[in-house]
Amino acid sequence: MEDDCRPLLGYEPTGESYSHRGSTGSLDIRTKRPFHVEPRNIVRDDPQERISAEAAILNSRVHYYSRLTGSSDTVLSPPNHVIPTAEEIYIYSPLGTAFKVPDCDPASKNPSIVTIFAIWNTMMGTSILSIPWGIKQAGFTLGIIILIFTGLLMLYCCYIVIKSPKAIKGVDTSNWEFPDVCRFYFGKSGQWSSLVFSMVSLIGAMVVYWVLMSNFLYNTGQFIYSHAHNVSTSDSEYGTNGSVRVICPYPKTNPGRNDTMSTLCLGTMGNDTSENSFEHYWSKNRTIPLYLIILLLPLLCFRSASFFARFTFFGTISVIYLIVLVTIKAARLGFHLEFHWFEPSQFYVPDFRLLFPQLTGVLTLAFFIHNCIITLMKSNKNQEHNVRDLSLAYLLVGGTYMYVGVLIFAAFPSPPLSKDCIEPNFLDNFSSSDVMVFVARVCLLFQMVTVYPLLGYLVRVQIMGQLFGNHYPSFIHILVLNIFIVGTGVLMAMFYPNIGSIIRFSGAICGLALVFFLPALVHMVSLKQQGNLTWQSAVFHTFLIVLGIANLLAQFFM
């Protein structure tokens, strides 16, 4: 056994460091002890312990070079191209097991403040544009209560997800994600269910992105065309006058109306009556969604999405700019509030409305990070502070949503406009000629063009990895998948361009499985196996599952 434990790559006394050998890994050369193990010696059917043919060949090469290398001879040292990179290093045991080498470099860990803002940046998506509309649908007072209550519930369910791998005893769960936990408790059905609903959230986000990119591209073109031809759109828009112009795109509103159908029908009518040649070729619902195919479909077919990952910082810049924009607009408009608890008035909606499930659906997706929170928390330097850092991140996210939602709702000029005019994308309540809003739309458009291929890459990796065991089985496979994703976005942008409804339905669907049902069920099963399940805990977590079901069913009646 002493020979088996001896490194096959001896230490080089010349003082040449590992980094000088062309590797970027954090492991010293002395810790690389790859053994070649025949596949027949692997007895467990575990992906982490299965050895590929490439790995066997690589280790044979290293084994061969190490036999040629003397204790003090560096001439025949293994060349750089046969040394595994840090992410490819496994420890192969003569007993027939293979374990991934964890990244033990403390420098690669993030402090708590970085982890908190990483969660905030990941969670801040397109949902922030629909929060004011959601508060309007629920009513101002009830909307604030629901935002706080939903945030606390989502935080608790996220806490369950983080703790779930650590509750499994006797198994190395250091590299597990939540689908692995579901597979441990419920078999492949649990793993596949978590995967399917994760796909719902990702594809739903991509559909919302396509609708918003069509919106932003349309308004950007309108702004450029209007300024180039000195065209004023103020006469054709129903709204306020003054330095901060707020518009009501569909002024014939009724309290309690169905925003989706009104927006869809009136938007289509507006396009059909246009006689202008520019508007004929530059239509928000007819042509712009098709133009985006030329740009985005080729980007989705890239083998790697690493290039687009470099632009993720634009998400933070866009959100910060939105906050600044909302603050400036609210300061100029002032607050316009009246409290009518249950009965609507001409310009104000009730503070408590039966349409509140629309807000809960939006918030379920707005606070959703459960499918990647384990990965984010692994990079936290102080693991003992995970719960505290997660709570602070949710507090920061909830505060951001509250700030934007309350300010937009309160500052909306009523009278002369009704609060019911607040759109699912609050930027639509500002004229396309508004310079500050134009900058916001351009920033968000560029951000979404770079993030959209990343979302497509995540969908491809998870689907193709499960079906074919390869993230890029062939160009045809990837093209068919991307055509399906893009086609879904185009159809929704052309015939159902309401991001509020898309967000609330996708949020309620994925929230039922990945936020309420699976985490609560995993927690109860874990407690039962440990003998610690009480009736109070069973009732509470069953109540969470019922809430998730009710949240989904209510979306179909709003």
Heavy-atom pair with the smallest gap, counting every atom of Leu518 and Cys182:
CD1-SG, 4.1 Å
Check Pro357 against Ala554 and note the closest heavy-atom contact, atom names and distance.
CB-CB, 3.6 Å
What closest approach, in Å, do Phe197 and Leu514 show between heavy atoms, and which atom pair accounts for it?
C-CD1, 3.8 Å
Asn425 side chain to Leu427 main-chain N or O, any donor-acceptor pair under 3.5 Å?
yes
Please set out all donor-acceptor pairs under 3.5 angstrom arising from side-chain atoms of residues 156-168, sequence neighbours excluded.
from   : atom 1 : to     : atom 2 : distance (Å)
Tyr156 : OH     : His541 : NE2    : 2.7
Ser164 : OG     : Val161 : O      : 2.7

Val486 versus Leu296: any side-chain heavy-atom pair under 4.5 Å?
no
So Phe543 and Phe540, would you call those rings parallel, tilted or perpendicular, with 30° and 60° as cut-offs?
tilted
Audit row: Thr173, Phe184, side-chain contact (heavy atoms from CB on, under 4.5 Å) steps and yes/no:
CA-CA 10 Å; Thr173 60; Phe184 177 83; over 6 Å; no
Kindly indicate whether the side chain of Leu396, heavy atoms from C-beta on, has any atom under 4.5 Å from the side chain of Phe117.
yes
How about Phe367 and Leu153: do any of their side-chain heavy atoms sit closer than 4.5 Å?
no
First locate atom CE of Met492, then atom CD1 of Ile499, and finally report the distance between them rounded to the nearest 0.5 Å.
12.0 Å
Can you confirm whether or not the ring centre of Tyr457 sits under 6.0 Å from the ring centre of Phe302?
no
Between CZ of Phe475 and CG of Asn482, what distance do you get to the nearest 0.5 Å?
8.5 Å
Before giving the answer on side-chain contact (heavy atoms from CB on, under 4.5 Å), spell out for Ile128 and Leu322 the whole-Å C-alpha distance, their side-chain angles and the decisive distance to 0.1 Å.
CA-CA 9 Å; Ile128 192 173; Leu322 275 180; 4.1 Å; yes
Smallest heavy-atom separation, Ser537 atom then Leu533 atom, equals OG-CD1, 4.0 Å
Distance, nearest 0.5 Å, that separates CD1 of Ile317 from SG of Cys443:
7.5 Å
Using the ring centroid of each side chain, check whether Phe368 and His370 are separated by less than 6.0 Å.
yes
Taking the side chain as C-beta and beyond, is there a heavy-atom pair between Phe216 and Val442 under 4.5 Å?
no
Do Ser127 and Ile503 have side chains that get closer than 4.5 Å, going by heavy atoms?
yes
Just by distance, do the side chain of Gln383 and the backbone of Met377 share a donor-acceptor pair under 3.5 Å?
yes
Less than 3.5 Å apart, any donor N or O on the side chain of Thr316 or Asn121 sitting next to an acceptor on the other?
yes
Would you say Arg504 and Thr360 are linked by a side-chain donor-acceptor pair, where the criterion is simply a distance under 3.5 Å?
no
Flag if over 12 foreign heavy atoms under 6.0 Å of CZ, Phe505
yes
Does a sphere of radius 6.0 Å around OH in Tyr403 hold more than 12 heavy atoms from other residues, nucleotides or ligands, not counting ones at 6.0 Å or beyond?
yes
Which value, rounded to the nearest 0.5 Å, describes the distance between Leu444 atom CG and Leu129 atom CG?
6.0 Å
Please report the C-alpha distance between Ile549 and Phe516 in whole Å, then the side-chain angles of each, then the deciding distance to 0.1 Å, and finally whether the side-chain contact (heavy atoms from CB on, under 4.5 Å) criterion is met.
CA-CA 9 Å; Ile549 297 174; Phe516 298 108; over 6 Å; no
When you compare the side chain of Trp176 with that of Val171, does any pair of heavy atoms fall below 4.5 Å?
yes
Do the non-hydrogen side-chain atoms of Val449 and Leu295 ever get within less than 4.5 Å of each other?
yes
Euclidean distance, Ser474 OG relative to Met464 CE, rounded to 0.5 Å:
7.5 Å
Do Tyr472 and His477 touch side chain to side chain, with heavy atoms closer than 4.5 Å?
no
Got a donor-acceptor contact below 3.5 angstrom from the Tyr401 side chain to the Ala366 backbone?
yes
Just by distance, with hydrogens left out, do Thr364 and Asn551 show a side-chain donor and acceptor under 3.5 Å apart?
yes
So CG of Leu455 and CD1 of Ile485: to nearest 0.5 Å the spacing works out to 9.5 Å
Minimal heavy-atom distance between Ile478 and Leu300, with the atoms involved, is CG2-O, 4.4 Å
Mind listing the closest non-hydrogen atom pair of Ile483 and Leu297 along with its distance?
N-CD1, 4.4 Å
Could you tell me whether the side chain of Ser130 and the main chain of Thr126 form a donor-acceptor pair under 3.5 Å?
no
Steps toward side-chain contact (heavy atoms from CB on, under 4.5 Å) verdict (Arg183, Trp192):
CA-CA 8 Å; Arg183 180 178 181 179; Trp192 275 100; over 6 Å; no
